[in-house]
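Below is one structure, written out as structure tokens; the observations come after it.
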Number of protein chains: 2
Amino acid sequence: MAGDQLSRIFAALADPTRRDMVARLAAGDATVGELADPYEVSVQAVSKHIKVLSDAGLVSQHKDAQRRPCHLEAEVFDLMTKWIERYRQQAEERYARLDAVLAEMRDERPTDHHREHGAAS
Amino acid sequence: MAGDQLSRIFAALADPTRRDMVARLAAGDATVGELADPYEVSVQAVSKHIKVLSDAGLVSQHKDAQRRPCHLEAEVFDLMTKWIERYRQQAEERYARLDAVLAEMRDERPTDHHREHGAAS
DNA sequence: TCCTTGTTCAACTAATTGGTTGAACAAGGA
DNA sequence: TCCTTGTTCAACCAATTAGTTGAACAAGGA
């Protein structure tokens, strides 16, 4: 399980070290060695982190002699943003409706002017 | 490790079942039992999933007799969106600049074929 | 050619996680 | 009161994962 890209992306970014690397790469491409420098972990561990980001499509690498510079693939972030926005908006709309209903109830109570127009779920 | 909220949020959403539950909750509050219904897993497993979402701040629960209806906390999504947008924009700006530089180079030597993109700045 | 640099592979360990079952607990309803 | 419903706790298992070390490999430079 956890095979789809969205799962891989979220899982990749659940690790603070990897988020840090993404932040670093947003400022410019970097080799695995350069990325490993600020951390106390082994280069191999960093290489593994890059693989995770790479499998998620967040990072690509191209050959340059014996180096493999890492490059942030910003477009993939759209997948996440779309997913997030969809449910946030849905939830917020629900609240807008609820607020409207509550406001209406507040309005109707003191004067009892207009009658209700059907139940809101 | 993985103690900060952003890590918990990303980790929580890395699981497709939990993303599904978020989708369900975006349409309206639901009890643990109702959430468990469409899945083949035990109610206890669903309860654990809700705990993960709850620890991440994505879901809250309130008491209603013996029920504990789950409620999606849409505001928390902002944390993610902000993090994502920051680095995406940063990366995109970098490309805008790179594109400008490449365009300039193209203008300056029309005969030279376009080069591979190396590290910027 | 041999040596150095940069990266990855392989094997292993410890910790985490998603699932299970069985028991407990909390709040109504008979 | 006892019974049912809804939820969580506890203990356990299998799979995954972040880290380690040691070895391999690929590409220049002497």
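Residue numbering restarts at 1 for every chain, and letters A, B, ... go by the order of the sequence lines.
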Practice prompt. Mind running side chain to side chain contact (heavy atoms under 4.5 Å, CB included) on B:W83 and B:M80 for me, showing each step along the way?
Written response: CA-CA 5 Å; B:W83 188 88; B:M80 257 188 301; 5.8 Å; no
Worksheet item: Are A:M21 and A:V46 close enough, and set up right, to give a side chain to side chain contact (heavy atoms under 4.5 Å, CB included), and what steps lead you there?
Response: CA-CA 9 Å; A:M21 289 173 179; A:V46 172; 3.7 Å; yes
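Nucleic acid contact for B:E34: none, since no nucleic acid atom lies under 4.0 Å from a heavy atom of the residue.
Taking only side-chain atoms of B:T31, from C-beta outward, the nucleotide of D:dT7, D:dG19, C:dG18 with the closest atom is D:dT7. The nucleotide whose nearest atom lies closest to any side-chain atom of B:Q44 is, among C:dT8, C:dG19, C:dA23, C:dA23. Residue B:D15 has its side chain nearest to C:dG18 when only C:dG18, D:dA18, C:dT8 are considered. Candidate nucleotides C:dG18, D:dT8, D:dT20 were compared by shortest atom distance to the side chain of B:V52, and C:dG18 ranks first.
In this structure, CZ in B:R24 is found 8.5 Å from CG in B:D29, a value given to the nearest 0.5 Å. Atom CG in B:L79 sits 10.5 Å away from atom CD1 in A:I84 (nearest 0.5 Å). Note that the CZ atom of A:R18 and the CG atom of A:L58 stand 10.0 Å from one another [nearest 0.5 Å].
With rounding to whole Å, B:M21 atom CE is found 11 Å from C:dG18 atom P. For B:H49 and D:dT8, the NE2 to P distance is 13 Å, given to the nearest whole Å. Atom OH of B:Y39 is separated from atom P of C:dT20 by 14 Å (rounded to the nearest Å). Per the geometry, CZ belonging to A:R8 stands 14 Å off P belonging to D:dT16, to the nearest Å. Look at CD on B:E40: it is 18 Å from C1' on C:dT21, rounded to the nearest Å. Remark: C1' of C:dT5 and CG of A:D37 are 14 Å apart, rounded to the nearest angstrom. Atom CG in B:D55 sits about 13 Å away from atom C1' in D:dT8, given to the nearest Å. As rounded to whole Å, 16 Å separates atom C1' of D:dT17 from atom CG of A:L13.
Pairs engaging residues 53-77 of chain B under the salt bridge (Lys or Arg N to Asp or Glu O under 4.0 Å) rule: B:K51-B:D55 [sequence neighbours left out].
In this view, A:F77 satisfies the ring-ring contact (aromatic ring centres under 6.0 Å, His included) rule with no residue, not counting sequence neighbours. Residues passing the side-chain hydrogen bond (donor to acceptor under 3.5 Å, both in side chains) test with A:D20 are A:Y39, sequence neighbours excluded.
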Discussion item. Both atom distances under 3.5 Å, Watson-Crick or G-U wobble: I'd like the secondary structure of DNA chain C as a dot-bracket string, with | for pairs made across strands.
Written reply: ||||||||||||||||||||||||||||||
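Checking the phosphate oxygens (OP1, OP2) of C:dT8, a side-chain nitrogen or oxygen of A:Q61 falls inside 4.0 Å. Between C:dG19 and B:S42, no contact under 4.0 Å exists linking OP1 or OP2 to a side-chain N or O. Taking only side-chain nitrogens and oxygens, B:S47 comes nearer than 4.0 Å to OP1 or OP2 of D:dT8.
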Check nucleotides 11-15 of chain C for protein N or O atoms closer than 3.5 Å to its own N or O atoms and list the pairs.
none

Check nucleotides 24-28 of chain D for protein N or O atoms closer than 3.5 Å to its own N or O atoms and list the pairs.
{"residue": "D:dA27", "atom": "OP1", "partner": "A:K63", "partner atom": "NZ", "Å": "2.6"}
{"residue": "D:dA27", "atom": "N3", "partner": "A:Q66", "partner atom": "NE2", "Å": "3.4"}

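Comparing A:R67 and A:K51 by the nucleotide of DNA chain C that holds the closest heavy atom to each, the one mapping nearer the 5' end is A:R67.
In terms of heavy atoms, B:C70 sits closest to B:L25 at O-CD2, 3.5 Å. The nearest pair of heavy atoms linking A:A11 to B:A14 is N-CB, 3.5 Å. Contact between B:A12 and B:L53 at its shortest, heavy atoms only, is CB-CD2, 4.1 Å.
A salt bridge links B:D4 with A:R19; the closest basic N to acidic carboxylate O contact falls under 4.0 Å.
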